[in-house]
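Below you'll find the structure, written out as C-alpha cells, and then a few comments.
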Amino acid sequence: MKTRLWLLDITDRVVDGVSETHLWGIDDAGRRVLVIDRRFRPYFYLLLAENVDFASVTPDVKKKLTPLLPVTLKQETKKQFFGRPVNALKLVYDNAEDTVSTSRLLAKIPGIKTSLEHDVRFSSKYLIDNEVNPCGWCEVDIDELEHAEDAQVDAVYLAATPPKPIDLEARPPLRILSFSTICYSSRGTPRPERDPIVILSLATNAGDVTHFMAEDSDQALIEAFIAYINAFDPDVISGYGINTSNWPYLLKRAQLHGLALQVDRAQSEPHRSVYGHIAVAGRANVDLYDFADEVPDVKVKTLANMARYLGVLKAENQTPVEDLEVAALWDDPAQRPRLLTHADHTAQTVLALTHVLLDFALQLANLVGLPLDHVGPAAVGFRTENYLMKQAHRLHELVPRRTRRPYVPYAGGTVLKPKPGLHENVIVLDFTSMYPNIMLTQNVSPDTYVPKEAADPPSGVSVAPEVKHRFRRSPPGLYTQALASLLTSRDALKRTMAGLSPSHPEYRVLDARQSAVKVITNAVYGYAGWVGARWYSRPVAEATTAWGRYTIKRTIALARELGLDVIYGDTDSIFVQHDEARTDRLLQRVQDELGLEIRADKVYTSVLFTEAKKRYAGLLPDGRLDVVGLEVARGDWTEAAKTVQEQVLILLLTEKSPEKPIAFVHHYLQRLRRQEVPYRDLVIWKTLTKPLAQYKVRAPHTEAARRLLEQGWDLTVDDKVGYVITKGSGRLYERAIPYQFSSYDELDLAYYEAKQILPSAHRVLAAFDVSEEQLRLPASRNPLPT
DNA sequence: GCGCCCCTCATACCC
DNA sequence: ACGGGTATGAGGGGCGCG
C-alpha cells in the first residue's frame, strides 16, 4: 500500500531505546494521517585524518564502543569535507540520544580528526537524507500498524520504505484556527499565577468567530478552548506573539487548574522546542510575529500596525483598547461588550493576517526544509544554514560542526559622498543581486577557497582585488551551486508569473515562492560572514565585498568616461543624471567588462541630498515622495517631527524654494503651542536592546522603562518603550515619562520644538541656506506657556 | 554650578 | 544569533570660568 502525504509536522521519539520518526500530514484524499517510520537510524561520522586508513582506526573505535550500545560501522569513501575527498567512519545507532555523548569520546582516538554531524537534529537528518521537504508532498509505502496508536488522526501507518519526494501541484486545503486572549490585571502586566484569562477569542477559516469568557475562574474557558480545538481539529494554529505570551500563559493557567492542555494530535501538551517556540504535535503552531521582520516598513510591530500596513484591518471604526483599560472595561457591565468586540476583532485580524503571510511561511519552510512551526522562530542564519545542509547532502559534503570562533571584522561596501543640494531628473542604477552574482561568477565558497600557503590548483583561480583571496575556478562550490539554483529558480518563477494575471490563484503562491527564494539568496553572503555559521568563511565574505568595491569603482569610472556625473552611490548603486542614451551605453559596457547586470531602477524628477550619506529624499514620476534614511524613515522620532519634515520635503521638492516650507513650520509650531497637535504624535518610541541592568548609561528610554517596571509592567528585550518629555529641570532621562502616565499639560513643548521639530525640518532646509533661527517662531508672538 | 569639548553609548537606518 | 557603513542624539567626564 502507498500513501501520498503533504508534510505538516515531523516529530521523533524513543521507544524501548529505539528512535522513530513521526510524519504528520494530509494525504491526497484529504485525510489527516500519521506515518511512523522506524527504519531511519541516527548516525554520525568520524572523520579520518589525512593518510590514515580505515584498518588502522577501526579496532580502536570498536574497542571503545564495546561497553556501549550496539552500533553499526560503515566505511564511507565518497564523502567530501570542504571540497576535499575524505574517508569517514559512519556510526549508526538505535537511539539518537546516544550519538552526541559517544561522538565526543570517539573523536579523541588517534587517527580520528573529528566527529561530524552528531550535532545535527535527528529529524533534520531524516528530512535531508530522504530529500523530503515540509509543506511539500512525498510518497511512502505503508503497512498497517500492529498496535493502535493514540493519535488524533484519520489513519496511522507504519512506513515500509523511506519517503520519496514527489511533485504534486497544489497543497491540500488546510484548517486554520487563529486565536487571541485578554487577561485581567488590576495593576501592570497580567501574571499567570495571579490573573485569569477573561476572554479567549478565536476565528477559523471555516468562517466561525467565537469567544469564551471567564466566569468565576478561567477553568471553563480553557476547557472550552481545548474542546473547540479538538472538535475543529485545525492543521494550523496561528496567533500574534503566541510563542512568548499566549501559550506560556495558557499552560500556566491550565497547570494551576490541574488541567492538561491537550490540544495537539498526540494526546500530549504544547511544549517548548528548539528555537524557543511552542510546538503542538501534529499541527503547525505559527506565530505571525516571527514574520514581522519581513515587513521593515512597519516600525512598531503591533498586530494593528502590521494589519493596517498589509491592508487587512477592515474595521477601524472602533477605538483601540489599551492594556491599561482592560480591567475597567471588564468590570463595567456596560463596557464589557466593547471588550468582547475588541477581542473578536483581534482574532479576526490575526486570521486575516494569516491569510496574507501563510503562503510565504509555507514556501520558506518548503524551500529551506524546516518544519512550518520552526521556520518562523528560526533566525535567518539558521534558515540559510538548513538550506545549505540540503545542498551539501546532494554534493556528498559533510556538515561542519558548530564551533565558537573569535569575531574578526572586515571591510564592507563603498559609500560615496553625495553631492549636496537639489538635483533634477536623476536615475538610480542598481546591480541586480550584486553579492550573490559575484559569488556565483567567481565561484566564491568556503570549499573553493585556496589557503594562503597552498599552490594554485590545476583549474586555476580567481583572485579577489585588494584582499587577494584565491578561489579555484572549478568545480563549483557549495555556495556557488546553492546560488545558481536559487537565482535560476527565481528567474523561472518571475517568468511564469509574467504570463499570469495577478488574480490567478497560482500567482500568489508563485509570488510567495519567489520572495522566499529572494530572502535566502540575499542571506548567503551575510551567512558567510557570521561567526556562528557552520560554513563561516571570512575570506568568502571579505572577497565578496572586495569584488563589490571594485565593481562599483569601475562602474563610476565608466560612467564618467561617458560623461555622466555621479551624484551618489551606495554599495551596489549609482545615481546619475537621467540621460537615456548614455545610461544605456553604460549598462552595456558594465555588462561587457564586469559580467554583471546593472539595471535602471528608480527615477527621481527631483532629489535632495544633504552632506550626509545614506539620507536623501526625492519625488518619483507619479508624484510620490520617497524618503531614505531621514527622520521620516525612522521609528525613533516623534510623528510630529516626521510629519513636519515630510511636508517640508514635499513643498521643497515641488516649489524648489524654501518660503512655503518655512511658513509651514511656523504654522505647525503655532499649532503645537496651542496643543492642537495630537498627544500621541509627541510620543517617542525606542527599543530596549538588552536587560535594563546591563545599560552603562541612563538614557530617557531606559528610565521610562524603569518607571513602567515600578508600576508592575513587564518589559523584555526587543520591547518598544513609548515616552514623552515633561517640563522641569535636569537631565532628559529624569523627565522622560511613559506616555500612559503623562498628559499634554505636563509636556515640555520647548523640547519638542528645539529637539524634534526644528532639527528635522532644518536638516532638509539647510541645503537652501535656511538657518534654524529662521524656522523658529518670532519671540514676541505666542510665547511658550510656562 | 555651568557651558563647552570630546568621547562613548545607544539606536536605527541603508544596502 | 546573517554582514559592514553611517548618522545622530544624549550621557558622562574633564576643563576653564566666574
Side-chain angles (χ1 to χ4, degrees), chain A residues 275-276 293 296-297 299-300 377-388 402 404-405 407-418 428 430-436 439 519-538 540-546 548-549 552 568-574 601 610-616 626-637 641 684-690 694-703 705 717-718 720-721 725 729-736 751 754-756 759-760 762-763:
Chain A
Y275 297 105
D293 282 349
D297 284 0
K299 307 294 176 195
V300 182
V380 179
F382 294 112
R383 295 176 187 170
T384 310
E385 188 152 274
N386 215 76
Y387 179 78
L388 290 172
R402 199 171 284 300
R404 297 179 76 85
R405 298 188 192 81
Y407 163 76
V408 185
Y410 64 91
T414 306
V415 189
L416 304 184
K417 265 198 185 133
V428 185
D430 276 7
F431 281 91
T432 48
S433 305
M434 186 199 242
Y435 287 169
M439 295 169 92
V519 164
I520 300 304
T521 309
N522 291 338
V524 172
Y525 152 73
Y527 173 84
W530 170 42
V531 288
R534 289 177 188 271
W535 278 284
Y536 167 73
S537 170
R538 197 172 81 104
V540 163
E542 201 173 29
T544 304
T545 58
R549 292 192 295 274
I552 208 71
Y568 177 64
D570 185 349
T571 310
D572 63 351
S573 69
I574 58 166
D601 183 18
T610 67
E611 305 274 342
K613 297 171 173 181
K614 295 185 185 282
R615 314 187 115 215
Y616 54 91
D626 185 34
V627 184
V628 178
L630 292 163
E631 282 73 5
V632 171
R634 295 179 65 98
D636 59 345
W637 282 74
I684 301 163
W685 292 94
K686 277 204 161 73
T687 310
L688 282 180
T689 59
K690 49 190 162 193
Q694 284 176 26
Y695 280 90
K696 290 181 181 154
V697 291
R698 293 173 153 218
H701 73 295
T702 63
E703 291 308 294
V717 169
D718 271 358
K720 288 246 195 297
V721 182
I725 300 297
S729 60
R731 294 278 181 190
L732 273 187
Y733 63 73
E734 297 171 272
R735 300 189 277 126
Y751 164 83
K755 299 292 182 175
Q756 289 281 332
S760 62
H762 181 246
R763 186 113 45 224

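We use all heavy atoms of the structure for the numbers below, so side chains are in, but hydrogens, waters and symmetry mates are not. Letters A, B, ... are given to chains in the order of the sequence lines, protein chains preceding strands, and every chain is numbered from 1.
Taking A/W685 as the reference, A/Y739 meet the ring-ring contact (aromatic ring centres under 6.0 Å, His included) condition, with sequence neighbours excluded. In this structure A/N386 satisfies the side chain to side chain donor-acceptor pair (under 3.5 Å) test with no other residue, sequence neighbours excluded. A/F382 pairs by the ring-ring contact (aromatic ring centres under 6.0 Å, His included) definition with A/Y275, A/W530, not counting sequence neighbours. Contacts of A/K720 classified as side chain to side chain donor-acceptor pair (under 3.5 Å), with partners at least two apart in sequence or in another chain: A/T687. Residues satisfying the side chain to side chain donor-acceptor pair (under 3.5 Å) test with A/R534, not counting sequence neighbours, are A/D119, A/E385. With sequence neighbours excluded, the residues forming a side chain to side chain donor-acceptor pair (under 3.5 Å) with A/K614 are A/D570, listed by chain and number. Legend: residues meeting ring-ring contact (aromatic ring centres under 6.0 Å, His included) with A/Y616, ordered by chain and number and at least two apart, are A/Y568, A/F575, A/F609.
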Which pairs, protein N/O on one side and nucleotides 4-9 of chain B N/O on the other, fall under 3.5 Å?
none

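Salt-bridge formation is not detected for the pair A/R735/A/E703: no Lys NZ or Arg NE/NH1/NH2 atom is positioned less than 4.0 Å from an Asp or Glu carboxylate oxygen.
Atom CG in A/D626 sits about 14 Å away from atom C1' in B/dC13, given to the nearest Å. Between the C1' atom of B/dT11 and the CG atom of A/L688 lies a distance of 11 Å, rounded to the nearest Å. When the P atom of B/dT11 is taken as reference, atom NZ of A/K720 falls 10 Å away, rounded to whole Å. Atom CZ of A/R549 is separated from atom C1' of B/dC15 by 14 Å (rounded to the nearest Å). Taking atom CZ of A/R731 as the reference point, atom P of B/dC2 lies 11 Å away to the nearest angstrom.
For B/dC13, one of the phosphate oxygens OP1 or OP2 lies less than 4.0 angstrom from a side-chain nitrogen or oxygen of A/K299.
When DNA chain C is scanned 5' to 3' for any atom under 4.0 Å from a heavy atom of chain A, the first and last hits are C/dA1 to C/dG12.
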